[in-house]
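Following: one structure in structure tokens, then a few remarks.
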Amino acid sequence: MMPDLGKYAAEVLSAYAVTIALMVGLLVISLRQSAKTKAALRAVEEARQARKAGGQETNG
Amino acid sequence: MIALLKRDLALSVRAGGGFGLALAFFLIVVTLTPFAVGPNSATLSTIAAGILWLGALLSCLLSLDRILALDYEDGALELLATAPIPMEGVATIKALAHWLTTGLPLTLAAPAFGVLLNLPPEGFLWLTISLAIGTPALSVVGTFGAALTVGLKRGGLLLSLIVLPLYVPTLIFGAEVARRGAEGMAFETPLALLAGITLATVALLPFASAAAIRINLR
Amino acid sequence: MIALLKRDLALSVRAGGGFGLALAFFLIVVTLTPFAVGPNSATLSTIAAGILWLGALLSCLLSLDRILALDYEDGALELLATAPIPMEGVATIKALAHWLTTGLPLTLAAPAFGVLLNLPPEGFLWLTISLAIGTPALSVVGTFGAALTVGLKRGGLLLSLIVLPLYVPTLIFGAEVARRGAEGMAFETPLALLAGITLATVALLPFASAAAIRINLR
Amino acid sequence: MSERLPRPTSLWEYANPRRFMAFSGFLLPFVAAGTVAALVIGLVWGFFFTPDDYRQGSTVKIIYIHVPSAMVAINAWLMMLVASLIWLIRRHHVSALAAKAAAPVGATMTLIALATGAIWGQPMWGTWWAWDPRLTSFLVLFLFYLGYMALWAAIENDDTAAELTSVLCIVGSVFAVLSRYALVFWNQGLHQGASLSLDKEENVSDVFYWPLLLCLAGFVGFFVLLILVRTRTEVRARRMRALQARERMT
Amino acid sequence: MELIVSDLAVVRGGMRVLEGVNFRVSSGTALVLRGPNGIGKTTLLRTLAGLQLADEGAVAPGPEAMAYASHADGNKGTLSVSENLEFWASLHGVDDISVALREFNMEALEARPAGSLSAGQKRRLGLARMAVTGRRIWLFDEPTVSLDVDSVALFADAVRRHLGQGGLAVIATHIDLGLEGEVLQLGPFKAEAPEDHHEDFHEAFL
Amino acid sequence: MELIVSDLAVVRGGMRVLEGVNFRVSSGTALVLRGPNGIGKTTLLRTLAGLQLADEGAVAPGPEAMAYASHADGNKGTLSVSENLEFWASLHGVDDISVALREFNMEALEARPAGSLSAGQKRRLGLARMAVTGRRIWLFDEPTVSLDVDSVALFADAVRRHLGQGGLAVIATHIDLGLEGEVLQLGPFKAEAPEDHHEDFHEAFL
Ligand code: HEM
Ligand SMILES: Nc1ncnc2c1ncn2[C@@H]1O[C@H](COP(=O)(O)OP(=O)(O)OP(=O)(O)O)[C@@H](O)[C@H]1O
Ligand SMILES: Nc1ncnc2c1ncn2[C@@H]1O[C@H](COP(=O)(O)OP(=O)(O)OP(=O)(O)O)[C@@H](O)[C@H]1O
Ligand SMILES: [Mg+2]
Ligand SMILES: [Mg+2]
């Protein structure tokens with residue numbers, strides 16, 4: 001399956017490895033941040049909703 | 001405007017104002033270089049013009065954060081913004097004051113430092129000329145960087161990070177003029193380009209600086 | 001004391017804390033050098049070790065004014081002085097925090113930058129070792145300089161001026177180790193001297209720094 | 001955020017955060033699928049099923065990552081420039097956030113181009129690094145990315161940061177172009193010229209052409225995908241800060 | 001001459017803090033702004049001074065008629081008291097600083113470097129700067145911080161003299177200055193938290 | 001426990017500003033320092049806190065019994081309120097910051113970065129630091145600057161509680177804190193301009 005890379009195998013493979021590592025790393029970081037802020041925003045919105053509901057009860 | 005220039009110059013020559021510090025820093029960088037790269041005089045004289053330019057650039061850099069940050073911290077910048085003088089004028093005067101207190105002394109002193117680094121004799125004239133033409137651009141670009149970072153506490157390192165890439169063209173052409181001058185090669189093209197960069201930055205960047213200051217004060 | 005170290009590290013990695021800026025500055029100095037001295041790779045590889053040391057030293061230098069000045073300005077230094085922890089401890093911790101956030105990353109990154117300057121392959125190991133041994137001295141000496149200038153507004157340039165001469169021995173021996181390492185020469189003597197300087201400064205200078213801080217607070 | 005919005009009447013309405021969130025949310029899966037397909041097919045084709053070059057040997061396979069990443073790196077900066085201009089002129093917050101989101105992606109792409117280039121340089125030119133103008137201007141581009149990101153990180157107020165980074169991006173672009181010419185003047189290089197131009201004479205031979213194009217599409221897709229994801233994150237973070245600030249007020 | 005603020009809304013940190021602010025101050029009178037910490041006094045004054053843009057509404061006349069004294073005095077420690085004042089005077093095209101020195105009782109300190117003054121003396125120097133701007137409308141943000149009782153009286157006198165010459169003043173303060181003049185409580189102008197308009201989301205992320 | 005200041009002379013900028021200061025403050029009481037701008041209140045407090053040396057005279061007990069709150073609060077904008085307090089608490093070997101948070105009504109702000117607080121809230125954080133030092137003698141330099149009326153009352157309560165637990169406090173202020181306690185006017189202790197003793201010449205250049 002593996003093509004014969006000849007004497008340059010190390011170079012070619014390390015180039016691909018570096019690229020994939022950097023791209024996957026960036027992707028993972030981005031997705032993790034995305035998930036985090038999503039959760040945090042949801043928490044804030046829910047707290048607000050809850051407070052609003054509570055506030056209305058005491059008012060009415 | 002003249003009042004502002006006079007005040008800035010007065011501040012920089014008063015105790016603690018930092019006049020002469022850039023020069024001293026320049027001296028130190030130049031002195032340290034042989035320690036770092038070794039005392040071989042042939043090597044030194046090849047790299048002399050470059051190191052002198054690099055040293056001038058770095059010592060210019062180190063004094064950038066004084067251009068605006070002091071005025072920002074003590075509130076004077078806000079008051080200047082409400083004074084009857086356009087912010088572009090303030091940015092220009094600030095850059096001019098910076099050049100008069102760092103670029104100009106550096107230019108005048110550079111030949112003396114050239115001796116320390118075995119700069120070839122033909123190089124002195126062109127080193128001086130290239131610095132005289134190039135350092136105004138360093139001050140103007142530096143003022144722009146200072147304007148961007150003026151709201152930040154101790155933004156010195158960030159300021160350097162932003163400004164240094166902007167110094168690349170000036171440094172390349174400036175050092176090229178000095179190097180070619182030292183080696184007796186043709187240097188008209190880089191000299192013209194250097195002058196072009198200086199003129200363009202002096203003419204245009206104060207507007208960007210003024211905008212950045214206004215945004216930072218908001 | 002641990003609390004102080006933890007706080008300082010936390011501050012430097014938080015937004016605006018400036019972690020990584022020293023590294024970026026190092027990268028820029030290394031990049032600018034060839035623009036100044038020309039792209040000739042033989043010349044570059046001769047001066048590589050020296051320039052790398054000089055760059056490390058300068059980027060260390062630029063972050064010095066954050067060591068104490070921020071704490072001074074917001075009053076935290078006065079409060080530390082009244083806290084039940086000796087000022088010598090404060091000085092040591094501050095230097096340690098500085099080293100962890102600048103010297104250490106610089107040391108680890110230096111080989112990568114060596115590639116840019118055509119550092120000969122034999123040089124990498126000894127460059128790293130010399131930096132690892134030498135940079136703690138830079139931080140400790142720098143803390144001393146910061147302690148001397150802590151009362152001054154924007155004392156950055158003055159600080160550099162005071163500290164640079166004190167860096168000379170470290171620079172000489174450090175660059176010598178790296179250069180000899182690169183050229184395959186004997187480097188035991190400078191290495192021993194470098195280690196000696198580091199040990200001596202780490203052991204003694206915090207006392208001087210503490211005294212300087214106390215005087216500046218008075 | 002789930003109710004229906006009226007149909008947009010102008011392109012600019014996509015700069016409304018809510019509409020942006022809706023639209024980008026809709027787009028994301030398609031972009032992701034396209035990206036994965038293009039990347040996998042392109043890279044597999046390139047890596048496994050193209051012959052070695054007669055001069056460069058198997059190292060020619062590096063072209064499938066080197067060239068696309070270099071192109072994306074440059075175009076990411078262009079995109080930031082456009083987004084900054086839109087923010088400064090039309091004051092659409094999303095475009096400022098998109099510029100912010102693009103910077104780390106562009107910087108990573110620059111890093112990939114530098115790394116793969118360096119790795120390629122070792123067998124081809126006998127050195128990892130040479131101060132060739134194209135290489136060097138990439139290094140300078142990397143520095144611009146770093147400065148831009150550092151400025152974003154250092155300023156606390158979101159709007160101030162957006163304004164100042166936009167100004168930096170515009171001024172920086174001018175200086176980046178200047179540097180490029182300065183560098184060409186300063187040193188003539190080792191690096192090959194354009195080989196992917198439209199006029200076919202100069203192009204790389206056909207065997208390499210199609211997989212390269214696919215990889216290019218994959219990298220562009222990857223870029224778009226990440227911009228979308230990261231901009232969405234920024235919009236959410238921004239909304240969260242706004243809500244928190246409002247809570248503080250009341 | 002009259003200062004007319006109509007329907008002004010001011011923002012700080014991306015949020016409206018005050019809105020619907022309406023007032024007029026006519027020549028010869030002073031307006032005292034009051035309100036708890038964080039209500040937006042500083043923000044309002046900065047908007048009047050033209051240092052930040054109004055979110056809505058208008059201020060007449062423009063910033064070129066106003067002199068603003070903020071928390072910070074903007075004086076240079078290494079310049080002497082008179083050099084500091086002369087600088088501001090010449091920026092504003094005013095020749096004479098002796099009146100300002102006299103009004104704020106700085107004559108004895110004239111030659112002292114500003115850095116060696118005590119907190120209260122520095123403040124007096126900052127206030128004296130207003131007298132060399134030659135402008136009609138004076139804006140003060142907590143002018144009496146760190147002033148002792150005598151200096152507060154001195155300040156009130158100076159303001160009164162300015163008013164007597166047809167000037168006008170807007171002063172934000174927590175304490176009683178002994179100045180006659182209207183008082184504006186800012187409390188009622190506090191901006192409402194914006195509702196969850198979906199349309200609004202597009203500008204302010206709310 | 002008692003704070004005894006005997007015959008103290010303090011210097012600032014190379015000049016004596018106060019001399020012959022004598023007072024005692026005993027456990028459970030507060031002393032309020034008053035005097036015009038520049039008389040030397042800050043200088044006196046710094047001397048008590050051990051930040052500068054006395055020119056003459058003595059202070060007992062030493063600085064290790066004192067907690068000092070200066071004009072500046074020493075808090076870090078990027079750390080949260082509780083991180084800031086925890087740092088000072090652990091420096092002083094105190095475990096619990098919840099009391100300090102409660103006393104200064106900072107509980108709701110606990111997780112906020114200190115940089116995002118308003119001037120008055122920042123000040124409250126600075127004052128709350130005193131409660132985590134675990135020290136008996138509290139020294140305050142104009143603690144109420146930029147505090148509104150409610151916060152001033154909060155501060156007075158906190159000091160009163162500290163006094164009730166056997167602590168003592170020295171407070172320099174220009175305003176009325178609503179705290180019972182002795183008042184010391186510093187005016188009478190103003191240092192005389194030294195005479196032209198030739199013997200002194202070699203000491204103070206005067
Ligand atoms: C660190 C080293 C290198 C860097 C930073 C670098 C950077 C670049 C850049 C910026 C481009 C232009 C992309 C575009 O605008 O179209 C490019 C294209 C290319 N590079 Fe490199 N390169 C490096 C080393 C190499 C080496 C060693 C080789 C092979 C011997 C190589 C082969 C190519 C090829 C064939 C192209 C495509 C040319 C084109 O289509 O324009 N590069 N590289
Ligand atoms: N840098 C900032 N970023 C975000 N919000 C801020 C900032 N500075 C102040 N604020 C907020 O803006 C509002 C108005 O602040 P402003 O300084 O105008 O109040 P003020 O009335 O002058 O208060 P004080 O009496 O404490 O001086 C406050 O709620 C404050 O929390
Ligand atoms: N850095 C300095 N150098 C020289 N003299 C100074 C310096 N700082 C203050 N002084 C002088 O020392 C004296 C005492 O100052 P201090 O700050 O202790 O006064 P204070 O009573 O706290 O005044 P305020 O009420 O204004 O805060 C003043 O006369 C002042 O002019
Ligand atoms: Mg205010
Ligand atoms: Mg005081």
Side-chain angles (χ1 to χ4, degrees), chain B residues 1-21 63 65-94 96-98 101 147 150-153 210-218, chain E residues 10-14 42-43 45-55 62-80 83-95 97 113-116 122-123 125-127 129-130 132-135 137-139 141:
Chain B
M1 307 260 276
I2 302 291
L4 181 58
L5 182 62
K6 272 197 332 221
R7 185 195 70 151
D8 274 11
L9 294 179
L11 282 175
S12 82
V13 297
R14 294 282 161 96
F19 182 78
L21 289 181
S63 47
D65 72 338
R66 301 182 75 99
I67 299 184
L68 294 169
L70 287 174
D71 276 344
Y72 178 82
E73 280 162 15
D74 65 12
L77 200 56
E78 277 197 349
L79 300 180
L80 283 174
T82 63
I85 142 177
M87 198 45 99
E88 285 75 13
V90 174
T92 313
I93 295 287
K94 288 276 169 190
L96 178 59
H98 180 257
T101 54
V150 71
L152 309 171
K153 272 202 178 170
I213 295 175
R214 271 196 226 98
I215 293 165
N216 260 319
L217 285 182
R218 209 175 278 162
Chain E
V10 299
V11 274
R12 184 72 187 264
T42 302
T43 315
L45 287 175
R46 284 174 53 87
T47 312
L48 296 186
L51 285 168
Q52 52 178 83
L53 299 176
D55 200 30
E64 56 290 340
M66 322 249 183
Y68 171 56
S70 66
H71 283 280
D73 295 321
N75 290 313
K76 296 297 170 182
T78 47
L79 299 183
S80 73
E83 280 171 326
N84 269 304
L85 276 184
E86 267 158 17
F87 166 65
W88 293 115
S90 68
L91 262 196
H92 286 87
V94 171
D95 294 328
I97 62 162
S116 78
K122 276 187 190 135
R123 191 75 196 154
L125 174 55
L127 296 175
R129 185 186 59 78
M130 301 294 272
V132 301
T133 56
R135 294 193 165 169
I137 304 177
W138 285 4
L139 310 172
D141 196 357

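Computation of the quantities below employed the complete heavy-atom set of this structure, encompassing side-chain atoms and omitting hydrogens, waters and symmetry-equivalent molecules. The chains referred to below are lettered A, B, ... by the order of the sequence lines, with proteins before strands, and numbering in each begins at 1.
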Pick one of side chain, backbone, both or neither for [X], based on which atoms fall under 4.5 Å of a heavy atom in chain B.
{"X": "R46(E)", "value": "side chain"}
{"X": "N75(E)", "value": "backbone"}
{"X": "E86(E)", "value": "neither"}

Would you check, one step at a time, whether the test side-chain contact (heavy atoms from CB on, under 4.5 Å) holds for R7(B) with L91(E)?
CA-CA 11 Å; R7(B) 185 195 70 151; L91(E) 262 196; over 6 Å; no
Most heavy-atom pairs under 4.5 Å with chain E, out of L4(B), I85(B), I2(B), L77(B), belong to L4(B)
Which atoms form the tightest heavy-atom contact between [X] and [Y], and what is the distance?
{"X": "G75(B)", "Y": "A72(E)", "value": "CA-CB, 3.8 Å"}
{"X": "L79(B)", "Y": "D73(E)", "value": "CD1-O, 3.5 Å"}
{"X": "R135(E)", "Y": "A83(B)", "value": "NH2-C, 4.0 Å"}

Can you confirm whether M66(E) sits close enough to T82(B) that some side-chain heavy atom of one is under 4.5 Å from a side-chain heavy atom of the other?
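Side chain of M66(E) against side chain of T82(B), heavy atoms only: no contact under 4.5 Å found.
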Please tell me if the side chains of Q52(E) and L217(B) come closer than 4.5 Å, counting only heavy atoms from C-beta onward.
no
